[in-house]
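Read through the structure below, which is laid out as structure tokens, and then see the notes.
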Amino acid sequence: GGSAAAVADGMVSLAQGSDGGGSIRIPAAFCGAFGYKAAFGRVPCVIRPEGFAGSTTPFIFNGPITRSVADGALAMEVLAQYDPRDPYCLDDKVDFQGAMTRSIKGWKIAYSPDFDVFPVDPAVAQVVRAAVSVFEEAGARVEEVKLGLTRSQQELSELWCRLIMAGNQFTLALAKQRGLDLVKDHADNLPPEYLRWVDGSFQPSAQDVLQDQIIRTEVYDAVQGVFADYDLLLTPTLACLPPDNATDGNTVGPSRINGEAVNPLLGWCLTYPLNFTGHPAASIPAGLSGGLSGGLPVGLQIIGKRYGDSDVFAASAAFEQLRPWQAHYEICAKRPL
């Protein structure tokens with residue numbers, strides 16, 4: 001989150017983020033910035049010694065966090081280059097800057113207020129619903145949809161944790177082989193939620209791994225099903241407003257939203273399903289929770305077809321043109337120090 005805060009505060013013009021479950025889009029949403037996770041393979045991700053690690057875990061991405069869509073497009077022109085060391089890297093070009101001039105008039109856009117299964121804070125839902133209407137002002141047709149997900153948000157959160165921990169376990173084992181036992185010697189520096197997954201009890205079988213990929217495929221099919229009829233999918237980026245920082249250094253999200261239990265690590269993130277699937281997604285500033293009187297930033301997630309990066313940038317630019325958010329950064333500039 002530090003990079004997104006630095007961007008919003010004007011300390012830097014742009015920052016690079018990595019996104020395994022939303023770590024570009026989450027801080028961008030909380031800080032009122034633009035964050036972009038491209039289609040899987042669009043930005044090279046060079047991992048060694050296991051070069052295929054970016055696909056066996058949730059898809060891992062690198063991308064920009066900026067104060068404007070134009071800055072994000074400029075960053076993507078540099079980041080989206082072919083690299084032969086990445087076995088999944090796409091060898092084609094997207095005109096990110098040219099995409100910003102495309103009209104979205106006549107587009108069919110799907111809107112899911114909750115990704116089917118996530119409880120969403122009413123303050124977030126209100127801002128996002130108002131933001132969705134901007135696309136109709138731009139000439140698109142927006143319809144509320146159901147994706148058809150059958151797993152609960154608790155099941156999907158646990159799935160993400162299992163998938164990401166397989167890679168973490170491998171990395172920790174490599175470090176231990178090289179003489180650095182992080183879990184044994186530095187446990188006090190690791191969050192208890194993390195230690196729960198790396199204490200040695202998490203030992204999935206090959207059958208467990210395959211079963212998890214089946215659940216992941218269900219999410220992919222549900223998202224793909226939307227794009228059989230629509231050009232874009234809109235959702236809230238996050239289900240809650242930014243939480244206060246904890247005093248012990250271990251900040252987590254809410255454990256309950258609207259009375260429903262959620263995983264405090266990521267059960268409030270409508271971002272990680274797109275790390276299961278690989279679709280491109282941006283978080284754009286939808287508005288402030290208090291409307292014109294201020295409040296906290298709320299993010300709107302724009303999801304494109306499997307390789308529809310250009311579509312996401314076109315829609316993001318259309319929204320920014322009709323609802324420019326640059327005035328939000330005055331909150332940073334005028335705050336008392």
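Along the sequence shown, the residues carry numbers beginning at 1.
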Between [X] and [Y], do the side chains contain an N or O donor and an N or O acceptor separated by less than 3.5 Å?
X      : Y      : value
Thr171 : Asn168 : no
Asn250 : Glu193 : yes
Tyr307 : Asp92  : no

Please list, chain by chain and in numerical order, all residues satisfying side chain to side chain donor-acceptor pair (under 3.5 Å) with Tyr111, sequence neighbours excluded.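 Side chain to side chain donor-acceptor pair (under 3.5 Å) check on Tyr111 returns nothing, list empty.
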Membership question, hydrophobic clusters at under 4.5 Å side-chain separation (ILVMFWY): are [Y] and [X] in the same one?
X      : Y      : value
Phe61  : Leu90  : no
Leu233 : Tyr230 : yes
Ile215 : Leu266 : yes
Ile303 : Tyr220 : no

Verify whether the ring centers belonging to Phe313 and Phe34 lie closer than 6.0 Å.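 When the ring centroids of Phe313 and Phe34 are compared, they turn out to be within the sub-6.0 Å range.
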Please name the pair of heavy atoms, one in Val262 and one in Pro254, separated by the smallest distance, quoted to 0.1 Å.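 Shortest heavy-atom contact: CG2-O, 3.2 Å.
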Taking all non-hydrogen atoms of both residues, which atom of Val120 and which atom of Asn258 are closest, and how far apart?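 Taking every non-hydrogen atom into account, O-ND2, 2.7 Å.
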How are the rings of Phe118 and Tyr272 set to each other: parallel, tilted or perpendicular (split at 30° and 60°)?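 Perpendicular: the ring planes of Phe118 and Tyr272 meet at over 60°.
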Taking the inter-plane angle between the rings of Trp268 and Phe30 on a 0 to 90° scale, is it parallel (under 30°), tilted (30 to 60°) or perpendicular (over 60°)?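 Aromatic pair Trp268/Phe30 classed parallel.
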Is there a donor-acceptor contact under 3.5 Å from the side chain of [X] to the main chain of [Y]?
X      : Y      : value
Asp311 : Gly304 : no
Thr66  : Leu14  : no
Arg67  : Val7   : yes
Asp86  : Gly41  : no
Thr271 : Gly21  : yes
Arg306 : Gly278 : yes
Glu77  : Gln97  : yes
Asn263 : Leu265 : yes
Asp231 : Ile109 : no

What do you reckon, is [atom1] of [X] surrounded by more than 12 foreign heavy atoms closer than 6.0 Å?
X      : atom1 : answer
Lys184 : NZ    : no
Gln326 : CD    : yes
Arg48  : CZ    : yes
Gln126 : CD    : no
Glu155 : CD    : yes
Lys176 : NZ    : no

Working to the nearest 0.5 angstrom, can you tell me the gap between Glu218 CD and Leu159 CG?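 Separation between the atoms: 9.5 Å.
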To the nearest 0.5 angstrom, please state how far the CZ atom of Arg216 sits from the CG atom of Asn275.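 The CG atom of Asn275 is 8.5 Å from CZ of Arg216, to the nearest 0.5 Å.
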Answer yes or no: is there an ion pair linking [X] with [Y], defined by an N-O contact shorter than 4.0 Å?
X      : Y      : result
Arg25  : Asp19  : yes
Arg151 : Glu158 : no
Asp95  : Arg102 : no

